[in-house]
Amino acid sequence: MTYLSRIRINPLRAESRRLLANPRAMRGAVMGGIPDAPQGDRVLWRLDADNPRRPHLFVLTSAKPDWTHIVEKAGWPDADGEHAAVRDYAPLLDQIAVGREFAFRLTASPVQNTAAPMSPTPTQAARLAAAADSDSKRVRGFRLGHSTASAQLNWFLTRTARWGFDVPTARTDAPAPGLADSRTADDARNTEVGTEDAGPARDIRITASRRHSFVKNGKGPRVTIQSATFEGRLQVTDPAAFVTRLLEGIGPSKAYGCGLLTLAPLRSRTTLQ
Amino acid sequence: MTTPPPATPAPQGTTTEAVLLLRLAGPLQSWGSRSAFNRRETNPEPTKSGVIGLLAAAAGMAREDPLDELTPLSLGVRVDQPGTLLRDYHTVSDFRDRPLLQAGVSAKGLQKPTSPAKYTHVTTRYYLQDAVFVAAVAGPRDLLCTLDQAVRAPSFPLALGRRSCPPTQPLALGLREGRLEHVLRKEPWQASRRAREQYAAQCGREQELDRPLYPACIDRSVTIEDPEGDDVLHDAPVSFDPYARSFTSRRVRHGWLSIPTGFPRPDTTDDGADEAAGHDPFALLGW
């Protein structure tokens, strides 16, 4: 059984500030809500702060969790409403079928691996120097976060087929009379140059991009992750692969609030001319 | 036999203000405000004189009776179905083949014949076809309660602006509590079944769906009487007396309301509340 939880966070409390500031602290609080987590079981979580006065924490667990500790220390314990909503995930998984369309949101950490970074940090430079000195043949590559929007988008769109879904092209109005020719000319120019964002626009946008940097337990090496929040529309092409990604997450840094793909019903537009 | 009209709520001592809702619909309507001579125009919306006249006719008032009670009522009109304009080519002549008379009168008080003799007047009359309006009349509760009963059992035949434009049923939608604008916002869309189906089909085509789309809300224009309004209409009646007909002006404001469509199972729409909620992963989990 899989459960999706939504926990209200009160941003004015001291504990909340600790949790919101440090993904590692939040991970500790999340893991504290699962009593008998099987070894190696992946817990996915995401912090949605689109309303800064009431951030929401979403957690996907394979066992039924209890969030009393987060509500007591970082929520509104005596307030009205549902402090922590916990719901069975099965109704959603039953709906996954080829061709179904959903609205999605994903906070992921787009990365690339390279053996030769263009501008190495001091740590990377030291490792490269050590590798050059030693007689080992292989140098372990470095994981670098994509920081530009086009690179993050390209990272996402080149992997969607593997993840079992497709991002359809954005629904746009027909061009005004006379503009159709210039648009095709634009497209042709893009493909000629070979830019990453050639072709028609996809129904996806990056709503947030953030660099997190924190240390574990106040000491040790600094952890830095670059996260991006993707929102848009997707169409399921491979249900098995898609369900695996839903349950196991997408991309690296899953412990620190990345990788949870959530689905919502598509909004129907009702514009009347 | 049609179902009996819903019972009007009993007057309450605490609230003295109420709103009476009328559904003005018919094959033809004609709401003239400045018509004269051979060209009889129609406004795109019901006029205050037309609605007050309809209520006065229902209540059995004579044309000479004072309108002191009815003129202070404030009127709000919602356009549920705008309808289309019909131009009626119309000729007038005397069936005895005599020349027509002119408007001026002789010393004896008789109408003079036209000179040179004119046998046919060509007049143009305009109508609204297939339009549906919701008129909301706000005022004292007791008075509106009486008028509501009167519209359901009128003393004189009722008409939508002209005697040739009888209304379709239901005409009276009953009394409501609250402010005029609020009442108009809450009342479901009153358009005909055919117009509603056409609208749903059009929404489906716009979404490139193969089925009609049934939205929960639709935007409709309203005109509400407001002393602070930015438009002036010269259609407030002072007297309907044939020898002393006069009108005065009133200030109105025009706007748009998002009203419920009243479809049995409307599709969810993205109004402001939904937009604020944003991405809700729980919407697909069966609650």
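Computed over heavy atoms, backbone and side chain alike; hydrogens, waters and symmetry mates excluded.
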As an exercise: rank A/Asp48, A/Leu263, A/Leu93 by heavy-atom pairs under 4.5 Å with chain B and give me the winner. A/Leu263

Name the region of A/Phe104, side chain, backbone, both or neither, that has any atom closer than 4.5 Å to a heavy atom of chain B. backbone

Tell me, for A/Asn51 versus chain B, whether the close heavy atoms (under 4.5 Å) come from the side chain, the backbone, both or neither. neither

Would you mind writing out the side-chain donor-acceptor pairs for residues 244-252 of chain A within the sub-3.5 Å range, not counting sequence neighbours?
{"from": "A/Thr244", "atom 1": "OG1", "to": "A/Ala240", "atom 2": "O", "distance (Å)": "2.8"}
{"from": "A/Arg245", "atom 1": "NH1", "to": "A/Gly249", "atom 2": "O", "distance (Å)": "2.9"}

Heavy-atom distance under 4.5 Å to chain B: side chain of A/Thr207, backbone, both or neither? neither

Kindly give the heavy-atom pair with the smallest separation between A/Ala103 and B/His279, and that separation in Å. O-CE1, 3.8 Å

So, for A/Pro265 and B/Asp280, which heavy atoms are closest and what is the spacing to 0.1 Å? CD-O, 4.2 Å

Flag the pair A/Pro91 / B/Leu284 as yes when at least one side-chain heavy-atom distance between them is below 4.5 Å, and no otherwise. no

Under 6.0 Å from the six-membered ring centre of B/Phe282 and within 45° of its axis: does the NZ or CZ of A/Arg6 meet both? yes

Enclosure of B/His182 NE2 (heavy-atom neighbours >12, cutoff 6.0 Å): no

Should the heavy atoms of other residues, nucleotides or ligands under 6.0 Å from CG of A/Asp94 be counted, would the total exceed 12? yes

If one checks every heavy atom of A/Arg46 against chain B at 4.5 Å, the contacting part turns out to be side chain

